[in-house]
Amino acid sequence: MSQATTKPHDLAGPTGDPLQLIDVDHVRFYVGNAKQAAYFYAHTFGFNISQVADLTTGQREEADYLLTQGNIRLLLTTPLTKDHPAAEEIKRYGDGVKDIALTVFDAEKAFEQALVNGAEAASEPRTLSDKHGSVTVASIKTYGRVVHTFVSREGRYALPNVKNGAEFMPVFRPIESPVNEYNKQHPCGLKYVDHCVGNVEEGKMNEWVEWYENVLGFSMFKHFDDKDISTEYSALMSKVMASGNHLIKMPINEPAKGKKKSQIQEFLEWHDMTPGVQHLALRTDDELASVAELRRRGVDFLKLPDTYYELVWDRVNDMLTRHGHEPVREDHERIKELGILVDADDEGYLLQLFTKPLQDRPTLFFEIICRRGSQSFGKGNFKALFEALELEQARRGNL
Ligand code: FE2
């Protein structure tokens, strides 16, 4: 196994900016039962159950399962004591995303710079180390219950080594599971986190847009959606923030007034009126193969009205030819069979599909997305999508 080492002069990053982001280190979920949740994400979405830190590795306050697929690392955390902060959060919010952790060159310097830029600390820097290397973590609060942890890694725990199977941090041990072998034979093809969407309260979107600009040096992505997105009944406003290197895009939604309840408002009401992560979009290079495999495994996707496919090809292929692009190359009939959504802009097209909520509360869900030139978020699908979402909300008695 190759071992990358971080040279001291690299600590501030090649640009000298302590907030230069290297990667999405991991996404941490707080869940009621990580051992069981690990099997759900492994069997339905094709994540490998790679490592664990729990009582058997000397960790007595919480159990953590590291799930991996492509360059996606999900960390499922369950509190082992009633006094663990996750216990209270699970009571209030159910299962969901707690932390979008970002790999940086020096977590302590990144944390200090973020505080200077106006961030509130969530947890002070601490370093876990052993003879193989070290991992330093420090966290800041963002919207609602969510934090960003800065992570810097040295020695054996450097990210390139972790991607090759090295331990995630001291106290983790690898797991052998038959499901990992099954996933190798039947890949779902998910590669990395394309974007991560937050829901905040009505009137708060612009505050959080400014927070990402001021604290993390993000900027408004050129394809933001700055006008009302609405159906007859429900509406939202959304702006997309992107890191300097476009490593991660973080759209921020707020509810807007409609005749009936916005899907954002529904999220907030089932999330103790607290902002949080609404969805993670996971990128694939082959939408049809990924969705076919995920459907075969039982993933519950949002169902679009049949009328969607009567209108979509003219809309999308007109846009593509107008801007000198080839029409959608994937089999149109197969796209309809799999219930995949298509949208286009001046740069190309994208294929996307949304799951239903991943837990009993109508809160977090996943999006499976494939980009063919388009860098936007499927604005052309919003109306069709909202109508489908409203149908689901009505079924839950939440409209
Ligand atoms: Fe999305």
Side-chain angles (χ1 to χ4, degrees), residues 24 27 45 70 72 74 96-97 100 142-143 146 189-200 205 208-209 212 218 220-231 234-243 246-256 262-264 266-267 275-285 287 290-291 294 299-304 308 312 316 339-345 347-358 362-390 392:
V24 178
V27 179
F45 287 98
I72 309 166
L74 305 182
V97 171
I100 312 290
T142 177
Y143 49 78
V146 184
L190 306 181
K191 295 274 165 68
Y192 56 92
V193 178
D194 183 275
H195 59 276
C196 171
V197 180
N199 283 345
V200 302
M205 175 180 68
W208 288 106
V209 163
Y212 277 95
F218 282 29
M220 187 97 72
F221 192 55
K222 58 179 175 163
H223 288 280
F224 64 87
D225 304 300
D226 66 341
K227 61 182 171 49
D228 274 351
I229 303 157
S230 63
T231 63
S234 56
L236 64 80
M237 301 262 287
S238 184
K239 286 185 178 173
V240 179
M241 302 308 293
S243 64
H246 289 184
L247 169 74
I248 186 157
K249 299 184 189 73
M250 310 251 330
I252 316 263
N253 294 334
E254 69 174 23
S262 167
Q263 52 162 307
I264 312 305
E266 186 198 31
F267 173 101
V277 172
Q278 177 208 42
H279 75 269
L280 290 180
L282 306 176
R283 183 85 162 258
T284 171
D285 294 333
E287 184 81 7
S290 288
V291 170
L294 294 168
V299 171
D300 211 2
F301 286 106
L302 215 56
K303 171 99 173 76
L304 269 287
Y308 176 82
V312 72
V316 166
I340 291 165
L341 312 185
V342 194
D343 197 22
D345 59 25
E347 293 180 305
Y349 67 95
L350 61 80
L351 302 158
Q352 63 185 170
L353 191 53
F354 301 87
T355 73
K356 290 185 186 174
L358 298 166
T363 50
L364 177 71
F365 60 88
F366 283 168
E367 171 183 353
I368 309 300
I369 185 167
C370 174
R371 297 185 181 280
R372 303 275 189 237
S374 168
Q375 295 304 313
S376 54
F377 297 85
K379 186 160 62 171
N381 286 323
F382 282 175
K383 188 168 184 295
L385 201 60
F386 280 18
E387 284 162 0
L389 278 168
E390 283 168 8
E392 291 292 318

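As the structure lists them, so they are numbered: ligands from 1, and atoms in each ligand from 1.
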Checking the side chain of Asp343 only, and the main-chain atoms of Gly380 only, is there a donor and an acceptor separated by less than 3.5 Å?
yes
Have a look at Arg371 and tell me which of Asp285, Asp194, Thr284 forms a side-chain hydrogen bond (donor to acceptor under 3.5 Å, both in side chains) with it.
Asp194
Please state whether the rings of Trp208 and Tyr143 are parallel, tilted or perpendicular, taking 30° and 60° as the class boundaries.
perpendicular
Hey, what do you get for CD1 (Ile368) to CZ (Phe45), rounding to the nearest 0.5 Å?
6.0 Å
What I want to check is whether the side chains of Glu347 and Gln375 have a donor and an acceptor closer together than 3.5 Å.
no
Between Arg283 and His195 (side chain of the first, backbone of the second, donor and acceptor by atom type, cut-off under 3.5 Å), is there such a pair?
no
Which protein N, O or S atoms lie under 2.8 Å from the Fe ion (ligand 1), given by chain and residue number?
His195 NE2, His279 NE2, Glu367 OE1
